[in-house]
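To keep things clear, I will list the structure first and then write my remarks on it.
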Amino acid sequence: MEAIYLYNTLTRRKELFEPIKPPLVGLYVCGPTVYGEGHLGHARAAITFDLMFRLLTAVGYKVRYVRNITDVGHLVGDADGGEDKIAQKAKLEELEPMEIAHYYTEKYHDAMRALGVLSPSIEPRASGHIIEQIALAKKILDNGYAYVSNGSVYFDVEKYAAHHNYGRLSGRNIDDILTGTRDLDGQSEKHFSADFALWKNASAEHIMRWPSPWGDGFPGWHAECSAMSAKYLGETFDIHGGGMDLMFPHHECEIAQSTAATGHSAARYWVHNNMITIGGQKMGKSLGNFITLDQFFTGTHPLLSKAYAPMVIRFFILTAHYRSTLDFSDDALLAAEKGFLRLTKAWRVLRETACTEPVALDSELKNKCLAALCDDMNSPVALSYLFDEVGRINSHVDGKAKLSDAELTDLRSVFDLVMGEILGLEIPVVEGSGTLAGVMDLVLEMRATAKNEKNWAVSDLIRDRLATSGITVKDGKEGATWEIKN
RNA sequence: GGUCUGAUGGCCGAGUGGCUAGGCACAGCUCUGCAAAAGCUGCUACAGCGGUUCGAGUCCGCUUCAGACCUCCA
């Protein structure tokens, strides 16, 4: 099995990945809070860990990939009167909270499918695990790391910090956290503002509520991931992933919760993807500078010159390493689209000319690509190796430098494996079948006749009119071919 | 203010001290009736200043600039 190296946020260095019980791997990733449209940032997180899921699987691991849906418990503000995001939106639109959650969950799934993101092994919802979250809060209470206050349960950060290292994931100093947060107004339910809710008392008008030993309420945001990861992956598991912006407080609190409940932290490797920026600034809800995935797919945003195929978005994201910020611009996307088209054209050639039988290969190209991917998922480098082959493939098509059958087969299996199986890219569908294909055959035949008669006026007219309709004619050595420009 | 990251050619973006990442754009050439497509060739950058080293984009220090987190955020 290929050795995989991953950058572990916990140790701030690249480490050899060693699962607890090979070949099993437990992977937990924070999914979306379903109260709004998905944007490019959601795509990046999903694609990053989709790549991890695919890579681990491809090298032989048996992965249980758990990615949650947060449909309750995510507070708008940390103030004591903080309202649940989904409940707030529901009130605004006079909908049942679950209608909101359902609507955006469906939209999220649609977008993920389009982006080639595989469905995880389990996709648990926070609202379906209230019992587990109550149990977690109880256990932490029993262990003395939480307190009940006015029907809510809060995690006692100061007490926890006295025995454990609170802040080790995010590199935060507990003294700074505590001294900086002692000045609470007397109204607060919390002892310190750094304390966070494990369970939240629901006020009379609050629409999302469940019974608990402390009265009606709802679970705190951080509790769900600890509860669900423990339920499906066990008290300790291999990898926990998520966006860098979740490092603090969310992931820090998760570690504290698990440690307070079980005596040890749950995940061994913490992996964080970086942000998408726009004009050098983080793309995000709070800044209001995000572009939704629907807008990309339809081209309906002032910053977009056109619609982009989901696969182009995926390719664009994979051209950067997951731990670097990736700056979005229409120009960058345009460039990515052209590059992607060039790469997939070569891939299509391989699909059409090379033998379909899978071969056991140990080619240099495959090894190079796998080595790059296994080195902390360096997708841009793997792609650069594939690009190196495009010239050879095109020369072969031009008849300038023939590739042997063995070479073609080898190239095809590497492209299928690396581009398809691991990077999850797909060749865009060309509607070159059925009625249209028949008509095009006829049109190109007529044009060929005109060309033979040196009737350039007619042949050029055909070509130009087709171009107006979005069809590009390309004259090759063995006759003309066509494709739909997208 | 605290903590942490980063600064690479026209643009995007890799680079684990030692020969050219790659893509897009651009220029020239080949092919072609013309064009498109494709191929070939060219384009050698690492914020600034010091230091370590036989050798630094890559390590160390300082400076400048940018960003992230410290509230919700993928």
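Note on naming: letters A, B, ... go to the chains in the order of the sequence lines (proteins, then strands), and numbering restarts at 1 for each one.
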Which nucleotide wins on minimum distance to the side chain of [X], given the candidates [options]?
X	options	result
A:Val390	B:rG13, B:rA36, B:rG39	B:rG39
A:Ala332	B:rG13, B:rA68, B:rC12	B:rC12
A:Lys451	B:rA74, B:rC34, B:rC12	B:rC34
A:His321	B:rA38, B:rA36, B:rG15	B:rG15

Q.
Would A:Lys306 pass as a cation-pi partner of A:Tyr308, given that its NZ or CZ must be under 6.0 Å from the six-membered ring centre and within 45 degrees of the axis?
A. yes

Q) Within 45 degrees of the axis of the six-membered ring of A:Tyr7 and under 6.0 Å from its centre: does A:Lys14 put its NZ or CZ there? A) no

Hey, does [X] reach any base, or is it just sugar-phosphate, or nothing, if we go heavy atoms under 4.0 Å?
X	value
A:His272	nothing
A:Gly38	nothing
A:Leu343	nothing
A:Met275	base
A:Ser459	base

**Q.** Rounded distance (nearest 0.5 Å) linking atom CG of A:Leu118 with atom CZ of A:Arg113
**A.** 11.5 Å

Integer angstrom distance from the [atom1] of [N] to that of [M]:
N	M	atom1	value
B:rU58	B:rA27	P	34 Å
B:rU16	B:rC70	P	29 Å
B:rC31	B:rA36	C1'	12 Å
B:rG51	B:rC40	C1'	45 Å
B:rC59	B:rC65	C1'	22 Å
B:rU71	B:rG61	P	29 Å
B:rC29	B:rG15	P	37 Å

Indicate the ring-plane relationship of [X] and [Y], choosing parallel, tilted or perpendicular according to the 30° and 60° boundaries.
X	Y	value
A:His39	A:Phe290	tilted
A:His129	A:Tyr232	perpendicular
A:His222	A:Phe196	perpendicular

Q. Per the atom types in the model, does the base of B:rA35 pair as donor or acceptor with the side chain of A:Arg463 at under 3.5 Å?
A. yes

Q. Looking only at N and O atoms, is any donor in the side chain of A:Asp460 or the base of B:rG33 less than 3.5 Å from an acceptor on the other one?
A. yes

What protein N or O atoms touch nucleotides 19-24 of chain B N or O atoms at under 3.5 angstrom, if any, and at what distances?
none

(Q) On the nucleotide B:rU3, are OP1 or OP2 found under 4.0 Å from the side-chain N or O atoms that A:Asn173 carries? (A) no

Q: Look at A:Asn274 and B:rA74 and indicate whether a side-chain polar atom (N or O) is within less than 4.0 Å of OP1 or OP2.
A: no

Q: Just name whichever nucleotide pairs with B:rC59, Watson-Crick or G-U, keeping both distances under 3.5 Å, else none.
A: B:rG51

Q. Taking CZ from A:Arg323 and P from B:rC4, how many angstroms apart are they, rounded to a whole number?
A. 17 Å

Q: Tell me which of A:Leu40 and A:Phe248 sits closer to the 5' end of RNA chain B, going by the nucleotide each one is nearest to.
A: A:Phe248

Q | Of A:Gly242 and A:Tyr7, the one whose closest RNA chain B nucleotide lies more 5' | A | A:Tyr7

Q | salt bridge (charged side-chain N to carboxylate O under 4.0 Å, His left out) between A:Lys107 and A:Glu37, worked out | A | CA-CA 8 Å; A:Lys107 289 211 80 169; A:Glu37 299 283 334; 3.3 Å; yes

Q | A:Tyr269-A:His240 aromatic ring centre distance below 6.0 Å | A | no

